[in-house]
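Letters A, B, ... mirror the listed sequences (proteins, then strands); counts begin at 1. Computation of the quantities below employed the complete heavy-atom set of this structure, encompassing side-chain atoms and omitting hydrogens, waters and symmetry-equivalent molecules.
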Amino acid sequence: MNPEVALPILIPLAAGALSMAFWRSRMMQRLIGIAGTAALLATSIWLFASVQSQGYVVMNAGGWAAPFGITLVADLLSAIMVVLTGIIGFAVAVYSLPTIGRGHETFGYYPLMHLLLAGVAGAFLTGDIFNLYVWFEVMLLASFALLILGGERAQMEGAIKYVTLNLLSSVIFLSAVGLLYGLLGTLNMADIARRVALVEDNTLIDVVAVMFMISFGIKAAAFPLFFWLPAAYHTPPVAVSALFAGLLTKVGVYALFRVFTLIFNQSVGYTHEILLWGAGLTMLTGVLGAAAQFEFRRILSFHIVSQIGYMLMGLALFTPLALIGGVFYILHHIIVKTNLFLISGVVYRLKGTHDLKQLGGVYKAWPLLGVLFLIPALSLAGVPPLSGFFAKFVLIRASIEAGHIGITVIALLVGLLTLYSMTKIWAEVFWKKSPEDAPSARVSPLSQRHLWLMLLPVVGLAACTVFIGLNGQLLYDVAEASAAQLLDPQAYIDAVLGEQP
Amino acid sequence: MEPIMAVVIGVIYATAIYMMLRRSIVKLVIGLILISNAANLLIFATAGMTRDAPPLIPMNGDPLGDVIADPLPQALVLTAIVIAFGVLSFAVVLIRRAYQIVGVDDMDQMKDTDT
């Protein structure tokens, strides 16, 4: 038995149930929020450590052997993702203390947050394709409810698009699972992978593969199906946006990585070609959308889209180096993007608006905040020696080696445009003088204690970014080992099903 | 039986997509209901439409007979129905709230958060 595979799912579920039990006590809910996410972070590190030593950690729920029971399995990629879930969950829980109002807390903010984390961790750890669907739904339902807490007009309009497109994606996913079951008669991902390799005629498999691609593409906000994301992500409270920005789309990306390395690796020339086009267009449309925006969080939302393109590019090129780049990119992006959203929330709390044109003079008043913004912003744009540079460098090198010059040019151009829109935020929010009609007079003063509570996760995540930048080799090694595992589906199959004779 | 089911499922998918492409949010939800039911039927049909015996083992001896019904798709459909039901009830509440707050049921007028 390996309890560490199940614990990252069970702890948030238990924490969520506990905070439901203490429905009336805000104090207890906050306490459980911090303690639950801290415990999640601790067990995720435990899981990572045992994956590092064992390669694969497998647990069959209820003791039913692999193809029949429900399997939980962690390889390095899942372990990395779960650790990041822990980090982001903890950071957001701390950040929620001063920023989430009484109204949200009494309507179940904390239970929903725990449920969301449970769904995300479950999606990363499950080894059963139908269970992946179930965890997706757990995560989505929690995110739907978090998105509309507060009930403002913008939230409702964003939520309708978000809910519709994500439900559509779930239905496509479910249909694809049904067809796959009809074809192969199994749901265990390792068993599916084993049997897909035996199928002679790949036509039907390719159809199912494209259905999975569309479904996960919607969830990952890839071109051309990303419109729900910029319409919705800037409407809820900042802590919620940061949680979504860090984790939700990455679950879609993770699912794509898992499915298209493990199961659908037969006709790479067909499926991964589509992915490559999707990746390039995702990058381009996302960054162009960001360049046109003048609202802090909308710029950041569009950037999520463009960064998803880089991750897909790593998967689509499907060489060892490209997969290393993709994994590294996910790793760096989750931390950086959450951090940027958290900073946008601090700025909002200090100045009372998200509109770039009405903001200004933040650097003069709070120089520390300016520095804290620059670290993730430059990292996102890929300026050395921060984390984003290595991720982009590996990807671009991989694309040149693979001979895809078109995608190389797009990736470089998008990097440049990212830098442009980050400088735009810097110039408008931090550098220029505060405009005459700035609404900052209306903002209620923020106590020092609250300000520090908000800055604490920001500082922590910025420290992570700098750490990745300074210890690039360390993380590169992890990403390399993870990519090696992804390229060796047989090892995964053997780990789950046991050695086949 | 399978060809009929295939046609029926296809028609439901098509109707659902047509409904989802309308502008009214009520029709949008009807589309969502239809499409999730279409997916459920699809899973149900993957097991094959036969009059087989249930997969039960008699008390004394004989293992499973030759023809048995595959219970797994039914379990899957059961799960999927429950999930779809939960999500759809959320969607219904959401469109009601959205209608109350925005005051229209026309998707074309819910573009404030778009770019």
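A cation-pi contact, defined as under 6.0 Å to the ring centre and within 45° of the axis, links A:Lys219 to A:Phe136. Taking the centre and axis of the six-membered ring of A:Phe294, the NZ or CZ atom of A:Lys424 falls inside the cone set by 45° and 6.0 Å.
With a 4.5 angstrom heavy-atom cutoff, A:Val163 touches chain B only via side-chain atoms. With a 4.5 angstrom heavy-atom cutoff, A:Ile148 touches chain B only via side-chain atoms. Within the 4.5 angstrom heavy-atom criterion, atoms from both the backbone and the side chain of A:Val134 approach chain B. Residue A:Ile160 touches chain B through both its backbone and its side chain, counting heavy-atom pairs closer than 4.5 Å. Both the backbone and the side chain of B:Ile35 come within contact range of chain A, each with at least one heavy atom under 4.5 Å from a heavy atom of that chain. Residue contact with chain B, scored on non-hydrogen atoms closer than 4.5 Å, involves the side chain of A:Leu187 exclusively. Both the backbone and the side chain of B:Leu76 come within less than 4.5 Å of a heavy atom in chain A.
The line from CD1 of A:Ile172 to CD1 of A:Ile214 is 6.0 Å long, rounded to the nearest 0.5 Å. In this structure, A:Gln307 CD and A:Met283 CE are separated by 9.5 Å, a value rounded to the nearest 0.5 Å.
Two residues are said to be in side-chain contact when any heavy atoms from C-beta on lie closer than 4.5 Å; B:Val87 and A:Glu137 meet this criterion. You'll find the side chain of A:Val240 stays beyond 4.5 Å of the side chain of A:Phe341, heavy atoms only.
Across B:Ala84, B:Ala91, B:Pro73, the residue that shares the most heavy-atom pairs under 4.5 angstrom with chain A is B:Pro73. Of the listed residues (A:Ser170, A:Ala145, A:Ser175), the greatest number of heavy-atom pairs within a distance under 4.5 Å of chain B belongs to A:Ser175. The greatest number of non-hydrogen atom pairs below 4.5 Å with chain A, out of B:Val29, B:Val93, B:Leu94, is found for B:Leu94. Of the listed residues (B:Val77, B:Leu72, B:Leu88), the greatest number of heavy-atom pairs within a distance under 4.5 Å of chain A belongs to B:Leu72. Across A:Leu179, A:Val171, A:Leu141, the residue that shares the most heavy-atom pairs under 4.5 angstrom with chain B is A:Val171.
The minimum heavy-atom distance between A:Ala221 and A:Phe226, with the atom names listed, is O-CB, 3.3 Å. Nearest approach of A:Lys357 to A:Glu428, heavy atoms of both residues: CA-OE1, 4.1 Å.
The stretch residues 12-22 of chain B places B:Tyr13, B:Met20 near chain A, each with some heavy atom under 4.5 Å from a heavy atom of that chain.
Aromatic rings of A:Phe173 and A:Phe216 (six-membered ring for Trp) have centroids within the 6.0 Å cut-off, being under it.
Classified by interplanar angle (parallel below 30°, tilted 30° to 60°, perpendicular above 60°), the ring pair A:Tyr233/A:Tyr162 is tilted. Classification of the A:Phe144-B:Phe90 ring pair by plane angle, with boundaries at 30° and 60°, yields parallel.
Residues passing the ring pair (Phe, Tyr, Trp, His ring centres under 6.0 Å) test with A:Tyr109: none are found, sequence neighbours excluded.
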